[in-house]
Structures are given as structure tokens and as C-alpha cells.
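Reviewing the structure listed below.
What you see is a predicted model, and the numbers here were worked out from it, not measured in a lab. Residue numbers start at 1 and run along the sequence shown.
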Amino acid sequence: NVLYALVIIQDLTDSKKAAEKIHLLHYYDSLTGLPNRTFHKELIKRSIEHAHRHKEKFAIIYIGLDNFQRINDTLGYGIGDLLLKAVADRLTNSLRESDYVARSDEGETVDVVSRVGGDEFIVLAHDLNQAQDAAIASRRLLREISAPYDLSGHDVFMTASIGIALYPDDGTDVDDVLKNAEKAMKYTKSEGKNNYHFYSGSMNSF
């Protein structure tokens, strides 16, 4: 009976580990450890519910690295992966030191930086008194990203293009506000990169 009980406990432990692994694969990016697009959409949904209830604003800051493929082509995918990890660390650390860290209703800090695929990241900026707060945050993030990187002995330089969409001004559901932030990011790339722009209706062709 004792042996039988141990086998059951082991099975339950293995099942729990498997479930945790599935959860991690579903919600987190395996390279950077950041929440992925699926998880971030959940966070945005909760943020919309909270902001609607309390008549608050928040911003989606959509970050696309500039000419990232050039790093993979010239230095290899290994260095490219190191760069993505380094960018993720800088974004996370920059937000921890700022006033834009999202907090849940229970007062706990939650992840606000996500990797949405490839060379793109999203920041969820809460507690905005005005749109200018999102601009200040974006300028800070651009500075962080553009500082030189030392990756396995390679000096690497990177810039980014940022698009900003505000809730509720630029969308009242998850897909709209996310899509409009991405359009603003693509507009920034088309306008010369290494900058940020707020979304406007004239960007709908992007």
C-alpha cells in the first residue's frame, strides 16, 4: 500500500510538472522568459476592465527592433538570440525603475513587458495622467535599447521604432488597441526609425 501510494504521488507530481510546463509554453516566450502575445492579450483584457471601471487611461507601447535581421545575417542567430535576451532584460529593468509598472487589483506588480514574436516587444503602461507620460516612457525605452551591447566579444548597436496606442482613445477592445499600436510602430519605421509616434487614423494603411 505504501508503494502504491508513492506511485500515485509520483504520478501526481509528474502531472503537475507537465501541466506547469504546458502553462509556461502557452503563456511565456521560451527565449526571453517574458510573457508572450497570448498572455499579453489577457493582461490587456484585464487592464481594459479595470480602466473602464475606474475611468482610467493606459497605453500600449509597441516596440519593433530596427534592422534586426542584419544581426542574424552578419553575426549569426546565436548572437541574435543573445541580443533579444539583452533587450528583454533592459526593458524589464527600465520599467522596474520607472513609474509605469502595472499593478494588479491586489497591489502586486505584474509583468508588463512581453515578446510578441520575432524582434517585437510590447509594454503595457498604466496609471497615465496624460498622453505625455507614454511619450516620456517611450523616450526612456529608446535610450535603453540604443546603448551599446557587448555580446560574446561583439560590439552590437541597435535602435528601435515605437508605436503608442491609448485606451480608450485608440480602441476599446484588446485587438483594436493592440493593432493600432502596431500600425503606429510600422509608421515610425517608415518615417526613418529610432523614434516613436502616437497612433492616428491616418495610419490605417500600415
Side-chain angles (χ1 to χ4, degrees), residues 22-29 32-64 87-88 90-142 144-145 160-189 195-206:
I22 290 167
H23 175 82
L24 286 172
L25 289 171
H26 188 62
Y27 287 113
Y28 289 87
D29 171 53
T32 63
L34 294 177
N36 61 19
R37 192 183 192 98
T38 301
F39 191 6
H40 207 85
K41 287 179 84 167
E42 287 292 321
L43 289 175
I44 297 170
K45 184 181 175 187
R46 286 184 224 163
S47 296
I48 286 174
E49 290 166 359
H50 179 87
H52 179 71
R53 203 162 50 239
H54 298 280
K55 302 291 186 287
E56 293 176 354
K57 288 180 181 284
F58 69 85
I60 301 295
I61 300 174
Y62 203 114
I63 303 164
V87 169
R90 286 190 187 182
L91 293 174
T92 303
N93 291 333
S94 177
L95 284 165
R96 281 194 190 125
E97 295 164 4
S98 76
D99 298 326
Y100 302 102
V101 176
R103 297 182 184 279
S104 68
D105 289 340
E106 292 77 30
E108 298 171 347
T109 300
V110 297
D111 291 303
V112 287
V113 186
S114 300
R115 182 183 176 214
V116 292
D119 56 2
E120 296 178 350
F121 299 83
I122 297 175
V123 171
L124 186 53
H126 281 70
D127 301 326
L128 300 175
N129 293 318
Q130 53 187 350
Q132 193 58 28
D133 291 338
I136 293 167
S138 295
R139 285 196 291 271
R140 178 177 183 161
L141 294 172
L142 286 173
E144 290 288 338
I145 292 168
S161 298
I162 289 179
I164 305 166
L166 302 173
Y167 172 88
D169 307 36
D170 302 323
T172 54
D173 65 36
V174 175
D175 290 332
D176 279 349
V177 74
L178 195 52
K179 179 178 64 183
N180 289 337
E182 185 176 7
K183 284 178 184 174
M185 182 273 291
K186 289 180 177 176
Y187 177 81
T188 302
K189 281 187 181 288
N195 204 349
Y196 68 89
H197 285 91
F198 285 87
Y199 170 77
S200 76
S202 62
M203 297 175 182
N204 282 332
S205 59
F206 286 86

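Closest approach of S161 to M185, counting heavy atoms only: O-CG, 3.3 Å. In terms of heavy-atom proximity, F39 sits nearest to Y27 at CB-O, 3.3 Å.
When side chains are defined from C-beta on, N36 does not count as touching S114, because their heavy atoms never get closer than 4.5 Å. Counting heavy atoms from C-beta on, the side chains of L141 and S94 come closer than 4.5 Å. Two residues are said to be in side-chain contact when any heavy atoms from C-beta on lie closer than 4.5 Å; V87 and F121 meet this criterion.
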From CA spacing to verdict: salt bridge (charged side-chain N to carboxylate O under 4.0 Å, His left out), E182, K186: CA-CA 6 Å; E182 185 176 7; K186 289 180 177 176; 3.7 Å; yes

Let's go through H40 and R115 carefully: what are the C-alpha distance in whole Å and the side-chain angles of both, what is the deciding distance for side-chain contact (heavy atoms from CB on, under 4.5 Å) to 0.1 Å, and is it a yes or a no? CA-CA 9 Å; H40 207 85; R115 182 183 176 214; over 6 Å; no

Between R46 and H50, does the side-chain contact (heavy atoms from CB on, under 4.5 Å) criterion hold? Intermediate values first, please. CA-CA 6 Å; R46 286 184 224 163; H50 179 87; over 6 Å; no

Can S138 and I164 be said to form a side-chain contact (heavy atoms from CB on, under 4.5 Å), step by step? CA-CA 8 Å; S138 295; I164 305 166; 3.3 Å; yes

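Under the side-chain contact (heavy atoms from CB on, under 4.5 Å) criterion, A51 pairs with E56, F58, Y167, sequence neighbours left out. Taking the side-chain contact (heavy atoms from CB on, under 4.5 Å) definition, one finds that A181 meets it with I60, Y62, A165, sequence neighbours left out.
Between the CG atom of L43 and the OG1 atom of T38 there is a distance of 11.0 Å, given to the nearest 0.5 Å. K183 contributes atom NZ, which lies 10.5 Å from atom CE of M203 (distance to the nearest 0.5 angstrom). Atoms OG1 and CD, on T92 and E144 in that order, are 11.0 Å from each other to the nearest 0.5 Å. Note that the CG atom of L166 and the CD atom of Q130 stand 11.0 Å from one another [nearest 0.5 Å].
Between F198 and Y196, the two ring planes are perpendicular [angle over 60°; tilted spans 30° to 60°].
Remark: D29 does not engage R37 in a salt bridge, criterion side-chain N to carboxylate O under 4.0 Å. For D169 and K57, the salt-bridge test passes: some basic side-chain N is under 4.0 Å from an acidic carboxylate O.
Here the side chain of T188 pairs a donor or acceptor atom with the backbone of I162 at under 3.5 angstrom. With hydrogens and angles disregarded, no donor-acceptor distance shorter than 3.5 Å links the side chain of D176 to the backbone of T172.
With I122 as reference, L178 is the one residue of I63, I61, L178 to meet the side-chain contact (heavy atoms from CB on, under 4.5 Å) rule.
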